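As structure tokens, the structure follows; a few thoughts come after it.
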Amino acid sequence: MKKSLVIGANGQIGSDLVLGLANRVGTENVIATDVKPGNHGEVIFELLDILDAEKLKEIIEKYNVGTVYLLAALLSATAEQKPMAAWKLNMDGLLNVLELAKEGAIDKVFWPSSIAVFGPTTPRDNTPQTTIMEPTTVYGISKLAGERWCEYYFNKYGVDVRSIRYPGLISYKAEPGGGTTDYAVAIYYKALQEGKYECYLEENTYLPMMYMEDAIKATIDLMHADKEKIKIRSSYNLAGISFSPIEISEEIKKHISDFSISYAPDFRQEIANSWPKSIDDKRAQEDWGWKNSYELNSMTSEMLEGLKSKLNITDSN
Ligand code: NAD
Ligand code: AKB
């Protein structure tokens, strides 16, 4: 069996995706890589800088890789601080992988896009699959360009590349890596550790979000769907839950009654204001049968339980 290679495996998504893939295709069929040292249990790990195209090719040949999951990127908040580094990593990394797929060295590519491809001129409620896209962040510009490259490599060279516009992802295994939606993870840590949280977004800022388990299921389902079913080769809209800081804090209060939230908006508010509030994912539902499972209440219960055990916090509430 050809192997699945995860690039950027130590990050928020990679930590869960490696496990999800190992469950689906077998531990021996997954190779985890990252630019930083990592530990993924029984799964083989290799150091790999995605900007090193030669090393990428070597690893693909060495392990007989069929599918690449390219997760290495700089996210929205970090990218605003390091625009050129973000553009280089987010674009050159993708092109390195697409070029190898074009040469036939790999069969399939997964590359994640984001709700950041949308901008202030996009309709914000129930944002359609096809609509105005004028992103105002470096990250969003790189994701929109990436989507165009993916579709181009499919149309011109027949590269089987598949993509999802992930909303903000919420998980407890690995901490998020510098996005605008990270508050929705940090709030759970602070609720358990300090009983309070100062949020960098205003209380009524709605954003599309999703629990990691749903995102991993969507990713693996998309990659295992029949090729003919994948009609969109730029990137699929994917919806989970939409909520605001005040709503997530109210949900947390059902578990930690004295939890309190305060607000000190920073530069990330402007980014959030340029993104959709909710997403229309009809095409993902129709084409490859997507349906989310988690709502705000079920996600909150799992996040708090998962973090309590990760942080060794005993129940005194
Ligand atoms: P992350 O920042 O948590 O992880 C990225 C990983 O890439 C890190 O482990 C980092 O060490 C590694 N990396 C950085 N530079 C590298 C390089 N040169 N070579 C190899 N590895 C390198 O990010 P994430 O949240 O896991 O996101 C993964 C992908 O999903 C990104 O493309 C991101 O834009 C996209 N995405 C994430 C979210 C989210 O909410 N997490 C939402 C939308 C899209
Ligand atoms: C970010 O906030 O940058 C990411 C994303 C939605 O792409 N979580």
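Remember, predicted model here, so these are calculated numbers, not experimental data. One-based numbering, in listed order, for ligands and for the atoms of each.
- No more than 12 heavy-atom neighbours from other residues, nucleotides or ligands sit within 6.0 angstrom of NZ on K88.
- Using modelled atom types and a 3.5 Å distance limit, the side chains of S293 and E213 yield no donor-acceptor pair.
- Within a 6.0 Å sphere centred on NZ of K282, heavy atoms belonging to other residues, nucleotides or ligands number 12 at most.
- Polar contact check, T180 against ligand 2: a nitrogen or oxygen pair lies under 3.5 Å apart.
- For the 3.5 Å distance criterion, the side chains of D281 and W290 qualify, holding a donor opposite an acceptor.
- Between Y139 and ligand 2, an N or O atom pair is found at a separation short of 3.5 Å.
- The hydrophobic cluster of V35 has no other members, since no ILVMFWY side-chain heavy atom comes under 4.5 Å of it.
- Residue contact check: I115 has heavy atoms under 4.0 Å from atoms 6 (C) of ligand 2.
- Using a 4.0 Å cut-off between charged side-chain N and carboxylate O, K2 and D107 make a salt bridge.
- Polar contact with ligand 2: present for S114 (N/O pair, distance under 3.5 Å).
- With respect to atom 4 (C) of ligand 2, the closest heavy atom belonging to the protein is L75 CD2, 3.8 Å.
- Checked against the 6.0 Å centroid threshold, W111 and Y69 do not count as a close aromatic pair.
- Of all atoms in ligand 2, numbered sequentially from 1 with element shown, those under 4.0 Å from a heavy atom of W275 are 1 (C), 2 (O), 3 (O), 6 (C).
- Checked for salt-bridge contact, K102 and E99 meet the test: a charged N lies under 4.0 Å from a carboxylate O.
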Kindly print each ligand 1 N/O atom paired with any protein N/O atom under 3.5 angstrom away, one pair per line, or none if nothing qualifies.
{"unit_1": "ligand 1", "atom_1": "3 (O)", "unit_2": "Q12", "atom_2": "N", "d": "2.8"}
{"unit_1": "ligand 1", "atom_1": "9 (O)", "unit_2": "G11", "atom_2": "N", "d": "3.1"}
{"unit_1": "ligand 1", "atom_1": "9 (O)", "unit_2": "D34", "atom_2": "OD2", "d": "2.6"}
{"unit_1": "ligand 1", "atom_1": "11 (O)", "unit_2": "D34", "atom_2": "OD1", "d": "2.7"}
{"unit_1": "ligand 1", "atom_1": "18 (N)", "unit_2": "D49", "atom_2": "OD1", "d": "2.8"}
{"unit_1": "ligand 1", "atom_1": "19 (N)", "unit_2": "I50", "atom_2": "N", "d": "2.9"}
{"unit_1": "ligand 1", "atom_1": "21 (N)", "unit_2": "V35", "atom_2": "N", "d": "3.4"}
{"unit_1": "ligand 1", "atom_1": "26 (O)", "unit_2": "Q12", "atom_2": "N", "d": "3.2"}
{"unit_1": "ligand 1", "atom_1": "26 (O)", "unit_2": "I13", "atom_2": "N", "d": "2.8"}
{"unit_1": "ligand 1", "atom_1": "32 (O)", "unit_2": "K143", "atom_2": "NZ", "d": "2.9"}
{"unit_1": "ligand 1", "atom_1": "34 (O)", "unit_2": "Y139", "atom_2": "OH", "d": "2.6"}
{"unit_1": "ligand 1", "atom_1": "34 (O)", "unit_2": "K143", "atom_2": "NZ", "d": "3.0"}
{"unit_1": "ligand 1", "atom_1": "40 (O)", "unit_2": "L169", "atom_2": "N", "d": "2.9"}
{"unit_1": "ligand 1", "atom_1": "41 (N)", "unit_2": "Q12", "atom_2": "OE1", "d": "2.9"}

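- Donor-acceptor pairing under 3.5 Å is recorded for the side chains of Y294 and E302.
- Summary of contacts: the protein heavy atom closest to atom 3 (O) of ligand 2 is S76 OG, 2.5 Å.
- In terms of protein heavy-atom proximity, atom 8 (N) of ligand 2 is nearest to T181 OG1, 2.8 Å.
- Side-chain contact of S163 with E147: a donor-acceptor pair under 3.5 Å is absent, judged by distance alone.
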